[in-house]
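Working notes for the structure below.
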Amino acid sequence: MIQIKITTSEITMLEDLNNLVIRSQADRVLTLTLNRPHALNALNTALLMELAGLLRSADKDDTVGAVVITGNQKAFAAGADVKEMASMNATDLHRDPRVQAWADIGRFKKPVIAAVNGFCLGGGCELAMCADYIIAGHQASFGQPEVKLGIMPGAGGTQRLIRLVGPAKARQMMLTGATINAKQALSAGLIAEVTAAEIVLEKAQAQAKQIAHYAPIAVAAIKDCYNQALDLELQQGLAYERRSYCVVSSSEDRNEGIDAFLNKRHPVYKNR
Ligand code: HXC
């Protein structure tokens with residue numbers, strides 16, 4: 001029998017031939033699975049560009065109501081690709097295409113649930129925090145270990161972590177680079193739910209399906225408003241919410257939702 005040994009760099013070349021993000025869709029839920037298992041789903045430029053492109057398409061696709069982003073049992077993502085980063089100089093960073101990819105991921109308008117098992121570190125944790133919420137398995141671990149590499153979070157980590165877990169925990173995590181487990185992440189407010197590893201994806205998809213069957217106009221407005229809450233003063237936020245409420249209330253789907261409730265039937269939403 002002939003045995004063929006494949007080196008890591010050959011795997012890297014081979015993976016370029018495959019999808020770095022696997023796409024599947026059912027029940028108005030698009031599931032995007034990060035697919036660089038040999039590198040713990042480290043987020044290289046090609047993967048990020050593919051992910052951002054898929055989200056841009058999903059934003060325009062009326063058959064997609066919600067998205068689940070996931071990895072595998074060992075890793076959601078262990079961070080930006082350190083091997084790729086090692087060869088980047090200041091000029092590369094200045095024209096880094098990942099900046100636009102991260103912006104597109106962060107600005108995605110439909111609900112996203114991150115289904116997390118295993119390592120969720122650095123850029124991986126930053127990606128999970130771009131989601132509307134995170135469901136994690138008991139063995140998941142979260143952290144911003146960039147400081148240990150002489151760098152810092154660069155895809156929203158310093159801003160989103162502090163908003164989710166508050167200043168004390170965020171400063172501790174970012175300055176020490178220490179990871180926290182799923183139970184700690186739940187009590188810190190980083191994640192919404194902890195469950196058995198085997199059913200994380202199933203749960204996330206079930207919740208995404210539920211969301212995807214609500215009126216898209218209402219769902220989009222809710223997401224838009226709670227995102228505004230992070231940027232606006234309370235009075236401005238309340239005024240913003242009021243305007244959005246009036247817009248949503250003028251939709252056909254609002255009439256459909258209320259009529260369905262009053263007539264004890266399931267609503268049929270038309271995104272109008
Ligand atoms: C590239 C990575 C990687 C990463 C793991 N690998 N993390 N490759 N970038 N971030 C690769 C390893 O090199 C190894 O490949 C393979 O995945 C398996 O990893 P091991 O280390 O052997 O696994 P294990 O012993 O289980 O340790 C798991 C780990 C460790 C604790 C998660 O891999 C680790 O500390 N990784 C780096 C985590 C990190 O520092 N993340 C932050 C990155 S900076 P080989 O080829 O050796 O088998 C960042 C900045 C974001 O994210 C800025 C955004 C703009």
Side-chain angles (χ1 to χ4, degrees), residues 4-16 18 20-21 33-52 55 69-108 114 116-131 134 136-164 170 172-182 184-185 190 197:
I4 303 172
K5 265 197 152 184
I6 300 179
T7 64
T8 307
S9 57
E10 283 166 339
I11 292 174
T12 309
M13 280 159 62
L14 281 173
E15 77 186 5
D16 291 340
N18 297 316
L20 298 173
V21 182
T33 305
L34 310 180
N35 185 35
R36 295 189 74 212
H38 65 278
L40 301 182
N41 287 334
L43 306 168
N44 64 3
T45 303
L47 185 154
L48 277 173
M49 302 292 279
E50 200 169 313
L51 181 62
L55 289 175
I69 300 181
T70 194
N72 55 52
Q73 293 291 316
K74 179 132 198 235
F76 177 75
D81 190 313
V82 178
K83 290 172 191 165
E84 182 185 58
M85 277 164 51
S87 61
M88 292 176 100
N89 60 29
T91 317
D92 295 332
L93 285 175
H94 193 63
R95 55 184 176 212
D96 190 349
R98 292 178 304 169
V99 175
Q100 187 57 50
W102 278 111
D104 291 346
I105 293 165
R107 276 198 291 261
F108 183 65
V116 173
N117 274 311
F119 298 111
C120 186
L121 305 175
C125 191
E126 292 174 305
L127 174 61
M129 288 191 289
C130 288
I134 301 169
H138 288 296
Q139 277 79 38
S141 60
F142 298 83
Q144 298 291 158
E146 289 89 344
V147 71
K148 294 182 177 175
L149 301 176
I151 54 171
M152 62 175 285
T158 60
Q159 305 303 301
R160 290 197 174 97
L161 189 63
I162 215 154
R163 283 165 167 79
L164 284 167
Q172 184 189 39
M173 285 174 70
M174 286 186 276
L175 290 177
T176 66
T179 57
I180 59 173
N181 62 33
Q184 292 167 317
L190 176 56

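Please read these numbers as outputs of a predicted model, since none were measured by experiment. Both ligands and their constituent atoms are indexed starting at 1 by order of listing.
At a heavy-atom distance under 4.0 Å, only side-chain atoms of I151, from C-beta outward, approach ligand 1. If you look at L121 next to ligand 1, the close heavy atoms, those under 4.0 Å, all belong to the side chain.
Proximity to G79 (heavy-atom distance under 4.0 Å) selects the following atoms of ligand 1: 52 (O). Listed by number with element, the atoms of ligand 1 under 4.0 angstrom from any heavy atom of L149 are 40 (O), 43 (C), 44 (S). Of all atoms in ligand 1, listed by their number and element, those nearer than 4.0 Å to a heavy atom of E146 are 44 (S), 49 (C), 50 (C), 51 (C), 52 (O). The contact set between ligand 1 and E126, taken as ligand atoms under 4.0 Å from a residue heavy atom, comprises 51 (C), 53 (C), 54 (C). Atom numbering of ligand 1 starts at 1 in the shown order; those under 4.0 Å from a heavy atom of P145 are 39 (C), 40 (O), 41 (N), 42 (C).
To the nearest 0.5 Å, atom OG1 of residue T158 and atom CE of residue M152 are 5.0 Å apart. If you take OG1 on T45 and CG on D96, they are separated by 6.0 Å, rounding to the nearest 0.5 Å.
Under a 4.0 angstrom heavy-atom cut-off, E84 registers as lying outside contact with ligand 1. Look at H38 and you'll find a heavy atom under 4.0 Å from some atom of ligand 1. Heavy atoms of K74 approach ligand 1 to within less than 4.0 angstrom. Under a 4.0 angstrom heavy-atom cut-off, V99 registers as lying outside contact with ligand 1.
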Q) Is there a side chain to side chain contact (heavy atoms under 4.5 Å, CB included) between W102 and L127 once you walk through the steps? A) CA-CA 8 Å; W102 278 111; L127 174 61; 3.9 Å; yes
Q.
Go through it in stages, so that I can follow the logic: the residues are I134 and F76, the test is side chain to side chain contact (heavy atoms under 4.5 Å, CB included), and I'd like the CA-CA distance, side-chain angles, deciding distance and then a yes or no.
A. CA-CA 11 Å; I134 301 169; F76 177 75; over 6 Å; no
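Counting only distance, with no hydrogens or angles, the side chain of N41 and the backbone of R36 share a donor-acceptor pair below 3.5 Å. Using modelled atom types, no side-chain atom of Q144 and backbone atom of M174 make a donor-acceptor pair closer than 3.5 Å. With hydrogens and angles ignored, the 3.5 Å screen pairs no side-chain donor or acceptor of E84 with any backbone N or O of N44. Listed for the D104 side chain is no donor-acceptor partner under 3.5 Å among the backbone atoms of A101.
Nearest heavy atoms, G157 versus E126: N-OE2, 2.8 Å. Across all their heavy atoms, R160 and A155 have their closest contact at NH1-O, 3.7 Å.
Residue A39 holds the heavy atom nearest to atom 11 (C) of ligand 1 of all those in S141, G157, G156, A39. Closest heavy-atom approach to atom 23 (O) of ligand 1 within the set L48, L40, V147: this belongs to L40.
A side chain to side chain contact (heavy atoms under 4.5 Å, CB included) with R98 is found for exactly one of L93, L47, L43, namely L93.
In terms of polar-atom proximity, G154 is not counted as a contact of ligand 1, lacking any N or O under 3.5 Å from an N or O of the ligand. Residue P153 places no N or O, backbone or side chain, under 3.5 Å from any N or O of ligand 1. When only interatomic distances are considered, the shortest N/O to N/O separation between V82 and ligand 1 falls below 3.5 Å. Considering both main-chain and side-chain atoms, K83 comes within under 3.5 Å of ligand 1 through a nitrogen or oxygen pair. Among the atoms of A42, none of the N or O lies under 3.5 angstrom from an N or O of ligand 1.
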